[in-house]
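All ligand and atom numbering here is 1-based and tracks the order in the structure. Here the structure is a predicted model, which means the values were calculated and not measured.
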Amino acid sequence: MVRRFTSLTLLWSFFILFISSLVLFIEPHGRVAFWSNWHFLGLSKEEWDDLHLCSGTLFSLAAVFHLYLNWHTVVVYLKKKIKGLSGGPAVWGSLALTLFVCISSYFHLPPMQQLIELENKIKQAQTKKYGNPPFGHAELVPVNKLAKFLGIEPKKFVDALRANGIEVASGKESLKDLARSAGKSPSELFHLAMEYIHKGADKNINVRLPSVPPPGTGMMTINDIARTYHVSSQELIRRLRTTGINASPSDTIKEIAQKTHKSPQEIYSVLSK
Ligand code: HEM
């Protein structure tokens, strides 16, 4: 009964662990998921992470107990295989494979390099699809502060939200709270407000890019940055040109840095001036 219970727990928890591993592999980075209120099969990123951790813990405990229940058999098996000539390749081969995977993951060697690159590519594509926040956890700060940080008069930002039907009491609420009440994502509210501001008398408003960019900015193109901060691509290209750097809207910050033998930070600091 105990053995059967342990084996079945191992099976069910592995099933959940495996599904959640796949979701963790393809889910966006935290900052992107929180900004866009990302959900998959009705669960948020935090909920998938929690499910993965809990099913992983159950799986690990069940695996240790399973090993304990079968310890004698495992020891006898290993002794026999190590001693016997025919069993050697299976034991040493499996150990060598595990070691090879660990070493190639540490040194980013093929084929693990391809797996790591695939995960990075998927996460980059997710960042492109759902959009980066203007800075890390922008959804958590009061909207007054968010606006100020981007060089926008807080009252204008609050008015723009109100004009889009969002109930803002004082401006001390975060975009996350406002988005939850409005049934939208923080990213949607931000873009609605910024589009409203740009359509009005302030269409040429000079949005300030934060001095410290959110992670992942190096892989963003000029167009992506323009979309994130509601600055025109031409304006960003003009800022670069004033320091003698020529770039096109589809160039990433890293590509521009490589072409001009500068660091991505130097390129970003020109854009954020
Ligand atoms: C079938 C075996 C497993 C696979 C394929 C797997 C896969 C993954 C993947 C793809 C991620 C995301 C990594 C990233 O964002 O770059 C992850 C994160 C994580 N895994 Fe696993 N995992 C497995 C087993 C476990 C087990 C047994 C535990 C132990 C409880 C565990 C705990 C965690 C934790 C704590 C994280 C970080 C989650 C977070 O971002 O908050 N995993 N795993």
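Of all protein heavy atoms, the one closest to atom 2 (C) of ligand 1 is Leu17 CD2, 3.9 Å. Protein heavy atom closest to atom 18 (C) of ligand 1, with residue, atom name and distance, is Leu24 CD2, 3.4 Å.
Between Lys156 and Asp159 there is no salt bridge, since none of the side-chain N atoms of the basic residue sits less than 4.0 Å from a carboxylate O of the acidic one. Salt bridge status for Arg239 with Glu235: present, with a side-chain N to carboxylate O gap under 4.0 Å.
A donor and an acceptor atom, one from each side chain of Thr73 and Asn70, are nowhere located under 3.5 Å apart. With hydrogens and angles left out, the side-chain atoms of Asn223 and Ser233 include a donor and acceptor closer than 3.5 Å.
Between the side chain of Trp38 and the backbone N or O of Val32, no donor-acceptor pair lies under 3.5 Å.
Every atom of ligand 1 with a heavy atom of Gly56 under 4.0 Å away is listed here by number and element: 26 (C), 27 (C), 28 (C), 29 (C), 30 (C). Interface atoms of ligand 1 facing Ser60, defined by a heavy-atom separation under 4.0 Å, are 27 (C). Of all atoms in ligand 1, listed by their number and element, those nearer than 4.0 Å to a heavy atom of Asp49 are 39 (C), 40 (O), 41 (O). Ligand-side atoms of ligand 1 in range of Thr57: 30 (C), range being under 4.0 angstrom from any heavy atom. Those atoms of ligand 1 that come under 4.0 Å of a heavy atom in Ser21, given as number and element, are 3 (C), 4 (C), 5 (C), 6 (C), 7 (C), 10 (C), 22 (N). Taking every heavy atom of Glu119 and a limit of under 4.0 angstrom, the matching atoms of ligand 1 come to 13 (C), 14 (C), 15 (O), 16 (O). Proximity to Leu53 (heavy-atom distance under 4.0 Å) selects the following atoms of ligand 1: 30 (C), 35 (C).
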| task | Give the C-alpha distance, both sets of side-chain angles, the deciding distance and a yes or no for side chain to side chain donor-acceptor pair (under 3.5 Å) between Ser185 and Glu188. | result | CA-CA 5 Å; Ser185 69; Glu188 279 175 292; 3.3 Å; yes
| side-chain contact (heavy atoms from CB on, under 4.5 Å) assessment of Glu27 paired with Lys123 | CA-CA 7 Å; Glu27 74 184 4; Lys123 302 227 182 252; 4.0 Å; yes
| Would Ser263 and Glu266 count as a side chain to side chain donor-acceptor pair (under 3.5 Å) if you check the C-alpha gap in whole Å, the side-chain angles of each, and the deciding distance to 0.1 Å? | CA-CA 5 Å; Ser263 70; Glu266 282 174 287; 3.2 Å; yes
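For atom 24 (C) of ligand 1, the protein comes within 4.0 Å by at least one heavy atom.
Residue His52 has at least one nitrogen or oxygen atom sitting less than 3.5 Å from a nitrogen or oxygen atom of ligand 1, judged on distance alone.
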